[in-house]
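The next block holds one structure in the form of structure tokens; read it before the comments.
Only a predicted model underlies this, so the values are computations on that prediction, with no experimental measurement involved.
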Amino acid sequence: MLSACLLLGFATAVAAQEEQGRISGRIVDEETARPLSLAQIAIPSLNTGTLSDVDGRWTLKAIPAGTYEVTARLIGYASKTVTGVLVVAGDVVTIDISLPPQAIEMNELSVTVADQRGTASAVLQNRQTAAAVTDAIGREQISDSPDSDAAAAMARVPGVSIVDKKFVFVRGLGERYGNTTLDGAVMPSPIADRKAVPLDLVPASFIENVSTSKSYLPRQPADYAGGLVQIETRKVPGENFFKVGLGTGMETATTGKSGLGYAGGGLDFLGIDDGLRALPDILPTDMPVNRRNLSSAELEAIGEAFAPGWAGTPQDLPFGRSGELAFATEVPLGSKDLGLLATAHWDDSWNRREGYVERVFASSGLADPEVDYGGDQSTRAVTLGGLLNMDFPLAPSHRISFNGLLNRVTEDQSRILEGFNLDSNTNQRNTRIQYVENSLVQGRLSGKHYFDALAGATAEWKAAYSRAGRYEPNTREVLYRESGGVFLWDNFIQSGSIFHQDLTEDAVNLNVDVQFPIRVNGQAGTIEVGAATLTRDRDVLSRRFRFIPNRSVASDVRSASPDQIFSPDNIGPGPRQFEIQEATFRPDNYVADQTTTGAYLMADFELVPRLRFAGGARIERSRQVVEPKDVFTMGVEPLTGAELDNTDFVPGATLTWEASDRVNLRAAASRTLARPEFRELAPFSFADFAGGYLVVGNPVLQRSRITNLDVRWEWFPRPGAVIAVSGFYKKFKDPIEEVVFPSSEFIKSWLNAGTANNIGTEFEVRSDLGFLSESLENFALNFNLTLVDSEVETGSVAQIFVPGSGPLEIDVVGQKRRLQGQSPYVINAGANWASSSGRTSVSLLFNRFGRRISQVGTQYLESVFEEGRDQFDLVVEQGIGSRITAKLSATNLFAADYRFTQAGDLLRGWQPGRAFSLGMTWQPTGNR
């Protein structure tokens, strides 16, 4: 909301065209790519200049239109002049300058602007000089592509697959083995039941670069193995821009089709519940709702106070719609400028699962499912968010920044399933409505300081606060059983139920890093020390209610729709009416906290000429506590919670041999961790759907420890091009796996397997085709292939948690299989053509992942597999006039089905159809 207000306030000021231009960029060490502070950047013909800041960034403002020479000088480095810099009124020219170290005086270097312009080649240069095995997508590459968010950009990275258009899986490993940082601070997920961060919430307009560290160095948090996704937002903009965009979209399986929906609140289009679904004000909070505590009249009033609406009804599903506002500007504060960058985005879309199937198989030996449901599921998904970045240079060598992020992802789902259920030996119908708001608020204050008097030492600190929330206020479920060809309401445990949950998690992340320059064998190096702490506090409030019939209910009522069955006329103390009763389980509520504290020491220097060492060690202690809590005072013994308290020594090192100026050979070794999430530890249970799995946490889980080995050969034949071959091996101890095992009903939970191994290789080729012919320089190809083989050995005993029984060791059938979530291969391919003017582009993108285990089976149950899918997308972007851009996207052109199988039989599946969207962006100010 703050971003939106600032957008409106500054829109008029920013929209005016500037009559002069700017030149901005970054200056770095040519050999190490480290930023150079206090370098002198000047235009001699205008007698104007500036100094680079602590990040090596600089901006020359108010430059008249024309062609200039730009010089860069710094003591200890060779000077450089960049010629042919063309400045256009109202635009910004970006030049990234690299200076070679030089201890003695030498002639000034001279290069053309084409060799120094900030393009994708600068990102590859950073990769070439990075200390770890890293892949990245930069701002210039994103702006020259149709990618609109970080998730779309990440799809181009080797070994990365995008799940549900938002979640990043690195090297085929699931979300458990990844982590995400935003400007160096750990980014919590607004989807509180998952570790993964939905990167589609990060708009491309404020991204400087998105990188993936595939090997570990001690300056990074230790809780990852597949890859650390690092999002760096833009700093002081260096330019003014303003843009507004509107879009619409449709899906062939959804738009214009008859789906399900219900009357919600007045702010549903923003993904905000206006209070309609909240618990009634008259509901007591200090006692259960039952006849022992309340009178019949009070129970009737409470039952009637709940919001109306029990099930989705048929309706034609509309087109999707979206909007975006963004601006960047600078506000004078004394002699300095406060840089502002803000964006707000909104998306409202529908999705319908055509041909939706949900099944449960009693065992792998039975071909007929125990539960065989089919039906319709319609979901309205709304995304609302904004970001505000502020940058203020206290001095050329000191800078403070503020980053504010607000995102809300809401899914409003209606579902009707119908089919055979073996428990009742007849057909059943299950209806459910579920509204879930996932939100994330994050604020981060940081500073970076360069101390020339301390031999060029650099200190950086960050303080971040975030709140993640999950609000599920009105989930309602009704079950019918067929009798005599008529479906009648069934008095089942979840039938006529209401579920309410409000989950909040607060996190504070503090970091400080200090880097001291050193010289080894006459070459520059660094010693780095740092410390970090992350605290997380979660509180869960859950209530369950159920309408219970006082006596036998008439058949004409039982055969009515859910809205009619639970209408006010049928709620009361009468003999054929329904009365509301508390159904909250004791394990439904819990509080949890985690404190992770770490400190590290590492060095980065050349052991011998052309052989670079970067490594050290990190000590990290993590304490996780999950305590179930009773909502009401029951006078009984408290339930058992969970506590994990571990201190780990986490080393990591990388050796890089610079075989030539364009070829690197890297080798890395490290140990990392994967800790269980609160939800996985909490003894909180819920049923996914009637007759389906009971999902329950396991408070006896232990962390996983991973040994990582990486090698990479990479060749940079020319700017903007790379050919690379990588290999990796990972050994897991106590990997955490999601499993399904039989009890009185099927239970889905998590347990520690014994050991696991993961070995794979990556191939990458990225280049334009200008080396074949000058006429092909506007064409670019990107291909990468990841091949992975993994094996888990589970052993013959598993420790699980059974509600009502507690921790339990069970004998299981030992097995060897792949890691859960591990794809045997991932393919990413892309072809792009862009006109010389940059106003027209066409992109073809392809992705495929191999068949992977979704849920691990135990005992006589086979594992559940998510079958591989082909994703083929087409994006066309066209400029209209000088300030309007249209983008047409077509996704899932192969209309690939979602299929989950068990023992070769379809367990769950649907057809998503093809999706098409059209967006228009108007940018009256700033570079197109």
Side-chain angles (χ1 to χ4, degrees), residues 1-4 164 166-167 175 180 182 185-202 264-265 267-279 285 307 344-348 379-388 403-413 433-444 464-475 498-509 534-544 584 588-594 624 626-627 629 631 677-682 684 686 697:
M1 292 300 185
L2 177 60
S3 295
D164 296 333
K166 61 186 72 175
F167 300 113
E175 61 203 48
T180 303
L182 179 67
V186 174
M187 188 175 177
S189 174
I191 302 178
D193 286 350
R194 302 180 67 167
K195 183 179 180 181
V197 176
L199 294 185
D200 63 331
L201 298 180
V202 185
L267 298 178
D268 282 7
F269 74 101
L270 294 177
I272 300 174
D273 178 50
D274 61 3
L276 174 72
R277 301 173 178 87
L279 293 175
T285 59
H345 62 279
W346 166 72
D347 183 88
D348 183 7
T379 303
R380 184 182 189 179
V382 180
T383 299
L384 178 67
L387 179 137
L388 172 65
N403 303 80
L405 177 70
L406 167 64
N407 280 299
R408 180 188 296 272
V409 181
T410 301
E411 292 189 348
D412 194 359
Q413 181 189 106
I433 58 173
Q434 183 182 41
Y435 177 93
V436 179
E437 292 180 6
N438 291 291
S439 60
L440 171 64
V441 179
Q442 181 171 343
R444 184 184 65 86
Y465 165 79
S466 63
R467 165 167 283 196
R470 184 181 189 276
Y471 182 55
E472 182 181 349
N474 197 45
T475 295
I498 300 175
F499 176 70
H500 174 97
Q501 185 180 79
D502 193 357
L503 181 154
T504 58
E505 180 178 317
D506 296 297
V508 176
N509 196 179
L534 171 65
T535 60
R536 301 167 58 199
D537 293 285
R538 177 179 290 189
D539 194 355
V540 180
L541 170 66
S542 301
R543 298 285 296 270
R544 298 177 191 256
T584 302
D588 280 356
N589 296 275
Y590 65 94
V591 293
D593 64 81
Q594 178 182 12
Q624 291 174 271
V626 181
E627 296 181 353
K629 69 174 184 180
V631 180
E677 288 296 295
F678 290 143
R679 175 63 190 86
E680 297 164 353
L681 290 168
F684 164 82
F686 69 93

Considering only heavy atoms from C-beta outward, does the side chain of Lys629 approach that of Asp539 to under 4.5 Å? yes

When you measure from the side chain of Thr383 to the backbone N and O of Trp346, does any donor-acceptor pair fall under 3.5 Å? no

Taking every non-hydrogen atom, the tightest pair across Gln624 and Leu681: NE2-CD1, 4.0 Å

Taking only residues two or more places apart in sequence or in another chain, which ones pass side chain to side chain contact (heavy atoms under 4.5 Å, CB included) with Ile498? Phe306, Trp310, Arg476, Phe545, Phe547

Is there side-chain contact between Phe269 and Arg380, with at least one heavy-atom pair below 4.5 Å? yes

Measuring from Leu406:CG to Leu388:CG, what's the distance to the nearest 0.5 Å? 11.0 Å

Roughly how far, to the nearest 0.5 Å, is OG1 of Thr410 from CG of Leu384? 8.0 Å

Just do the side-chain contact (heavy atoms from CB on, under 4.5 Å) check on Asp412 and Arg277 with the steps written out, would you? CA-CA 12 Å; Asp412 194 359; Arg277 301 173 178 87; 3.4 Å; yes

Separation between CG of Leu405 and CG of Leu387, rounded to the nearest 0.5 Å: 5.5 Å

Short side-chain to backbone donor-acceptor contact, Tyr471 and Asp273, under 3.5 Å: no

Between the CD atom in Glu472 and the CD atom in Glu411, the distance rounded to the nearest 0.5 Å is 11.0 Å

Thr504 vs Asp502 side-chain heavy atoms within contact, under 4.5 Å: yes

Contacts of Asp506 that satisfy side chain to side chain contact (heavy atoms under 4.5 Å, CB included) - sequence neighbours left out: Tyr465, Arg467

Ala507 and Arg536: which non-hydrogen atoms are nearest, and at how many Å? CB-CG, 4.1 Å

Should Arg470 and Val540 count as side-chain neighbours, where that means a heavy-atom distance under 4.5 Å? no

What is the minimum heavy-atom distance between Asp268 and Val382, and which atoms define it? O-CG2, 3.7 Å

For Ala592 and Phe678, work out which heavy atoms get closest and say how close. CB-CD2, 3.6 Å

Please find the pair of heavy atoms, one from Thr475 and one from Gln434, that lie closest to each other, and give the distance. OG1-CG, 3.3 Å

Considering only heavy atoms from C-beta outward, does the side chain of Asn474 approach that of Ile433 to under 4.5 Å? yes

Does the side chain of Gln501 pick up a donor-acceptor pair with the side chain of Ser542 at under 3.5 Å? yes

Separation between CG (Asn403) and CD (Gln442), nearest 0.5 Å, reads 8.0 Å

Rounded to the nearest 0.5 Å, what separates atom CG in Leu541 from atom NE2 in His500? 5.5 Å

